[in-house]
Undergrad: 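Dumping the structure here so I can ask a few things about it.
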Protein chains: 2
Amino acid sequence: MFSKTCEYAIRAMIFIAQQSKDGSRVGIKEIAKGIDSPEHFIAKILQDLGRKGVVQSLKGPTGGFYLDNSGRKTTLATIVKAVDGDDIFSGCGLGLKQCSDKHPCPLHHEFINIRKDITNMLNKTKVGDLQEQLDKKLTFLRRD
Amino acid sequence: MFSKTCEYAIRAMIFIAQQSKDGSRVGIKEIAKGIDSPEHFIAKILQDLGRKGVVQSLKGPTGGFYLDNSGRKTTLATIVKAVDGDDIFSGCGLGLKQCSDKHPCPLHHEFINIRKDITNMLNKTKVGDLQEQLDKKLTFLRRD
DNA sequence: TAATTAAAAGACTTTTTTGTCTTTTAATAA
DNA sequence: TTATTAAAAGACAAAAAAGTCTTTTAATTA
Ligand code: FES
Ligand code: FES
């Protein structure tokens, strides 16, 4: 469904939302442990998201990654688009060069319903909402 | 959603169902042209599906790939499982080592609905059904 | 201001996926 | 039964994804 990069990105964003809700920042090492990802790999992913304005960061002592209140309203769709592009939102399920109602592949009519559900889900789900459930220990970002 | 290999496999299966419905066989070159895929690549994919009993073939002159009436009832789920494994049917959407109701990731409750829709769709859709729509020129396997 | 801290940047490696090419095997037809 | 045809098999190669390591830059703190 999503690339490994994108899975890590989403998990990291939720973790950062949680750890920085009091206005503090969280470092790469803590993030990597918190979501069980390779440290340098998630660093690169977050740098990329930083350049795109999806996450915020600060260097130096007491530095790290954080999300402000508006960042916590970021939708999963924003993250997925930034990392994986918009293939999942508009690409053909059977790999035709483009998806089209006028020139549909055999799976088109079934597929666009599912694609719409995925799109709706990603558009409506905000990082902050997921973080709240995490706070209540209702969900988890790693398997211990 | 699916790997390139799996996309080609599904398109090839539908094409073979169409071209062999009169009891004849269709060669690799024709299949590659018909679905716009690399010739040697789809050959390997179909050999693999052949070994797994998902498609039938015959060597020599007048040889090629074909599907009998029972093969035409093959579901997309069978093809997807044979090629991509069952990640899409049971894997965690955020990449946790395993998906579980007891230890759900933040996306779990939203994700299992979509996964169920995908599973239902793949289980109910048969190669022969898709081939019929193709015959009526309602759908296409390539973009010209 | 100098030392320290932590992200940013970028080069590099490994693994997986995707794609290509050549040789072998098995079927048919002359 | 020999020549021909087409899939099977398997070795390679290229590209993309995933992961690692080192150096640089920009903050903070002493
Ligand atoms: S054309 Fe394939 S999903 Fe739309
Ligand atoms: S645990 Fe992630 S989808 Fe079920």
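In what follows, every chain begins at residue 1, and chains take the letters A, B, ... in the order their sequences are listed. Everything numeric in this text was worked out from a predicted model, so none of it was measured.
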Undergrad: With a non-hydrogen cut-off below 4.0 angstrom, is A:R51 in contact with a base, only sugar-phosphate, or nothing?
TA: sugar-phosphate
Undergrad: Might you confirm whether atom NZ of B:K52 has over 12 heavy atoms from other residues, nucleotides or ligands at distances under 6.0 Å?
TA: yes
Undergrad: Choose from D:dT29, D:dA7, D:dA18 the nucleotide whose nearest atom is closest to any side-chain atom of A:S3.
TA: D:dA18
Undergrad: Any idea which of C:dT28, C:dA9, D:dA8 is nearest the B:L58 side chain?
TA: C:dT28
Undergrad: Whole angstrom is fine here: how far is it from CZ in B:R25 over to C1' in C:dA27?
TA: 10 Å
Undergrad: Of the nucleotides C:dA9, D:dG19, D:dT28, which one has an atom closest to the side chain of A:Y8?
TA: D:dG19
Undergrad: Just the rounded figure in Å: distance from C1' of C:dG19 to CD1 of B:I35.
TA: 14 Å
Undergrad: Classify the nucleic acid contact of A:G64 as base, sugar-phosphate or nothing, counting any heavy atom under 4.0 Å across all strands shown.
TA: sugar-phosphate
Undergrad: Just the rounded figure in Å: distance from C1' of C:dA6 to CG of A:L46.
TA: 13 Å
Undergrad: Given D:dT20, C:dT4, D:dA18, which nucleotide is nearest the side-chain atoms of A:T5?
TA: D:dA18
Undergrad: Which listed nucleotide (C:dA9, D:dA7, C:dT18) is nearest to the side chain of B:I28?
TA: D:dA7
Undergrad: Check the distance between D:dA16's P and A:D87's CG and give it to me in whole angstrom.
TA: 14 Å
Undergrad: Is there a continuous path of hydrophobic side-chain contacts, each under 4.5 Å between heavy atoms, that joins B:I88 to B:L96?
TA: no
Undergrad: Regarding B:K4 and the six-membered ring of B:Y8, is the cationic atom NZ or CZ under 6.0 Å from the ring centre and inside 45° of its axis?
TA: yes
Undergrad: Calculate the interatomic distance between A:E39 atom CD and C:dA6 atom C1'; express it in whole Å.
TA: 11 Å
Undergrad: If I take atom CZ in residue B:F41 and atom C1' in nucleotide D:dA8, what distance separates them, rounded to the nearest angstrom?
TA: 17 Å
Undergrad: Describe the nucleic acid contact of B:K44 in one word from base, sugar-phosphate, nothing, applying a heavy-atom distance below 4.0 Å.
TA: base
Undergrad: A:Y66 has an atom OH; how far is it from atom C1' of C:dA7, in whole Å?
TA: 12 Å
Undergrad: When you look at CG of B:N113, are more than 12 heavy atoms from neighbouring residues, nucleotides or ligands closer to it than 6.0 Å?
TA: yes
Undergrad: Looking at the side chain of B:T62, which of C:dA29, C:dT18, D:dA18 is the nearest nucleotide?
TA: C:dA29
Undergrad: Looking at D:dA8, C:dG19, D:dT22, which one has an atom nearest to any side-chain atom of A:H40?
TA: D:dT22
Undergrad: Assuming nearest nucleotide by heavy-atom distance, tell me which of B:I42 and B:K59 is located more 5' along DNA chain C.
TA: B:I42
Undergrad: Between CG of A:L107 and CD1 of B:I14, what distance do you get to the nearest 0.5 Å?
TA: 7.5 Å
Undergrad: To the nearest Å, give me how far apart CD1 (B:I45) and P (C:dG19) are.
TA: 8 Å
Undergrad: The side chain of A:K4 lies closest to which of these nucleotides: C:dG19, D:dG19, C:dA29?
TA: D:dG19
